[in-house]
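Okay, so here's the structure we're looking at.
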Amino acid sequence: MVTKTPKKKKVLKQGMLSNVMHQFDNAANIVGLNPNIRKILEVTNNELVVHFPVRMDNGEVEVFTGYRVQHNNSLGPYKGGLRYHPTVDIDAARALAMWMTWKTSLAGLPYGGAKGGIQLDPAQYSNPELERITRRFTYALGDNIGPELDIPAPDVNTNAQTMAWILDTYMSTKPPAERSMNMHVVTGKPIGAGGSEGRDRATGYGVFLTIKFWAESKQVDLKDKKFIVQGFGNVGYWAAYFLEREGAVLTGVQDAYGSIANEHGISVEKLSEHSQANKGSILGFGDAQSIDNTDFFGLDCDIIIPAALGNQITAENAKRIRAYLIAEGANGPTDVGAEEILLKKGVNIIPDILCNSGGVIGSYFEWLQNRNGEIWQLEEVMQKLEKKLRESFTKVSETAKDRKVDMRTAAFIIAIERLEETYLQRGIFP
Ligand code: NAD
């Protein structure tokens with residue numbers, strides 16, 4: 001039987017750059033950021049746009065556009081994901097690269113921020129085509145990425161397999177004696193290709209942990225709490241998996257194809273099996289009703305986890321939100337207008353640069369293992385991740401309390417002050 005590829009819902013053009021700039025300006029004003037350092041952080045260091053040809057299965061050649069934006073590397077090599085999506089453009093890459101700089105700084109990692117990707121809808125291409133597209137993109141990026149320069153990782157519609165193709169292509173262009181010393185050019189690799197135990201779940205586990213820390217701080221018991229997830233990919237699935245294990249109940253899910261709900265609970269594992277057998281779509285799942293996409297964020301629940309794209313929670317749908325906690329698994333899911341409304345309503349927001357930072361922390365562990373020729377066990381990785389995230393969460397909570405600001409502003413303040421200190425100590429060349 002031939003299964004039809006499910007039809008995707010429309011995505012509005014995103015304006016993430018203005019959101020990230022607003023968030024930065026707000027925190028920079030509060031800390032009175034040195035004006036010269038502000039000028040540096042307001043712009044990206046390097047922006048690479050590549051057009052590259054790839055032969056399709058039918059023998060025709062298609063030309064693709066790929067991006068890599070390197071925002072800042074004052075704390076260490078550029079770090080950030082590669083996204084394959086029709087909305088990828090230079091502004092999206094700039095915004096996401098900036099968020100990476102704040103995220104790595106907040107997490108206390110020796111990294112800067114970068115982001116990139118290819119403007120395409122992967123559902124339109126075969127696996128061999130995606131492999132050739134990825135390899136040719138890697139070749140086009142050339143030495144603009146590197147294990148001590150700029151280290152990509154998975155993001156929307158890219159995964160461990162994508163990273164393995166990048167690694168193999170990058171290594172193959174090096175002299176034989178140098179190949180294995182380049183293993184850490186990408187993170188999020190499959191275990192057999194130099195990946196780390198636990199990296200697959202690191203982001204979702206981190207989202208869960210920040211919710212758990214938040215619940216502890218507010219004396220909220222997560223058992224029987226209702227949560228809904230937008231995006232049932234790597235981040236959404238793992239966050240739901242760990243929350244369900246804690247006793248919380250998944251009552252609604254939205255992905256690129258539509259939305260489903262069941263107030264009595266949706267089994268995370270059963271939905272994952274269904275989605276895998278249905279070309280990545282949740283639609284048609286037997287134990288839930290299909291609902292209108294516009295009703296999704298207004299569902300009756302305690303916690304919302306946006307884990308798809310940017311600008312999904314807007315001034316329009318924020319008014320209908322009934323949850324008291326939003327845990328931002330995605331990057332930039334809440335726009336500035338929505339945030340204003342939500343904070344006024346007393347909704348707590350665990351900001352993306354804290355909430356989903358488990359991913360880049362997991363990547364850092366993979367990079368360290370590759371660099372040092374070590375292999376850590378799953379338990380060790382998860383413990384180290386929890387320790388680091390708890391430190392970040394505590395710092396953000398304390399800063400929010402001391403400065404009387406929301407958690408996002410607090411997270412940005414910590415990130416910006418660390419960067420400011422670096423510039424002040426090192427000075428500006430020449
Ligand atoms: P993924 O490709 O594994 O999953 C994306 C999910 O979002 C899919 O279920 C897809 O159907 C859904 N989706 C796509 N467009 C949608 C739309 N318009 N409406 C509703 N759902 C839609 O991607 P991922 O790696 O899970 O990344 C999700 C988000 O988390 C992104 O914002 C990404 O930047 C962020 N993030 C990912 C990582 C990571 O380690 N993968 C780390 C930090 C942050």
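Start at 1 and go down the list; that is how both ligands and their atoms are numbered. Below, all heavy atoms of this structure are taken into account, side chains as well, without hydrogens, waters or symmetry copies.
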> Got an N/O contact under 3.5 Å between V235 and ligand 1?
Replying inline: yes
>> Taking the six-membered ring for Trp, are F64 and F137 closer than 6.0 Å centroid to centroid?
In response: no
> With sequence neighbours excluded, what pairs up with R132 under the salt bridge (Lys or Arg N to Asp or Glu O under 4.0 Å) test?
Replying inline: D57
>> If only side-chain N and O atoms count, and only distance matters, is there a donor-acceptor pair under 3.5 Å linking D406 with T409?
In response: yes
> For the ring pair W376 and F365, is the centre-to-centre distance below 6.0 Å?
Replying inline: yes
> Is the centre of the F208 ring less than 6.0 Å from the centre of the W238 ring?
Replying inline: no
> Under a 4.0 Å heavy-atom limit, does T203 contact ligand 1 with its side chain, its backbone, both, or neither?
Replying inline: side chain
>> Give the atom numbers and elements of ligand 1 that come within less than 4.0 Å of a heavy atom of R199.
In response: 40 (O)
> Which of the atoms of ligand 1 are close to L309, meaning less than 4.0 Å from one of its heavy atoms?
Replying inline: 15 (N), 18 (N)
Which pairs of donor and acceptor atoms, one on a side chain in residues 105-117, lie under 3.5 Å apart (sequence neighbours left out)?
{"unit_1": "S105", "atom_1": "OG", "unit_2": "A415", "atom_2": "O", "d": "2.8"}
{"unit_1": "K115", "atom_1": "NZ", "unit_2": "D155", "atom_2": "OD1", "d": "3.1"}

> With a cut-off of 4.0 Å, which atoms of ligand 1 are near a heavy atom of N356?
Replying inline: 43 (C), 44 (C)
> Going by distance only, is there an N or O of N157 that falls short of 3.5 Å from an N or O of ligand 1?
Replying inline: yes
>> Under 4.0 Å from a heavy atom of G231: which atoms of ligand 1 are those, numbered in the order shown and with their elements?
In response: 6 (C), 7 (O), 9 (O), 12 (C)
> By number and element, which atoms of ligand 1 are closer than 4.0 Å to a non-hydrogen atom of A307?
Replying inline: 28 (C), 29 (C)
>> Please list, in number order, the atoms of ligand 1 under 4.0 Å from a heavy atom of R83.
In response: 31 (C), 32 (O), 33 (C), 34 (O)
> Has K270 got more than 12 heavy atoms of other residues, nucleotides or ligands less than 6.0 Å from its NZ?
Replying inline: no
> If you measure from atom 22 (C) of ligand 1 to every heavy atom of P333, G258, A256, G332, which option wins on shortest distance?
Replying inline: A256
> Which atoms from ligand 1 have a heavy atom of A308 less than 4.0 Å away?
Replying inline: 7 (O), 13 (N), 21 (N), 22 (C), 28 (C), 29 (C), 31 (C), 32 (O)
>> Using every non-hydrogen atom in the two residues, find where D300 and R322 come nearest and quote the distance to one decimal.
In response: N-NH2, 3.5 Å
> Quick one: which ligand 1 atoms are inside 4.0 Å of a heavy atom on N331?
Replying inline: 32 (O), 33 (C), 34 (O), 35 (C), 36 (N), 44 (C)
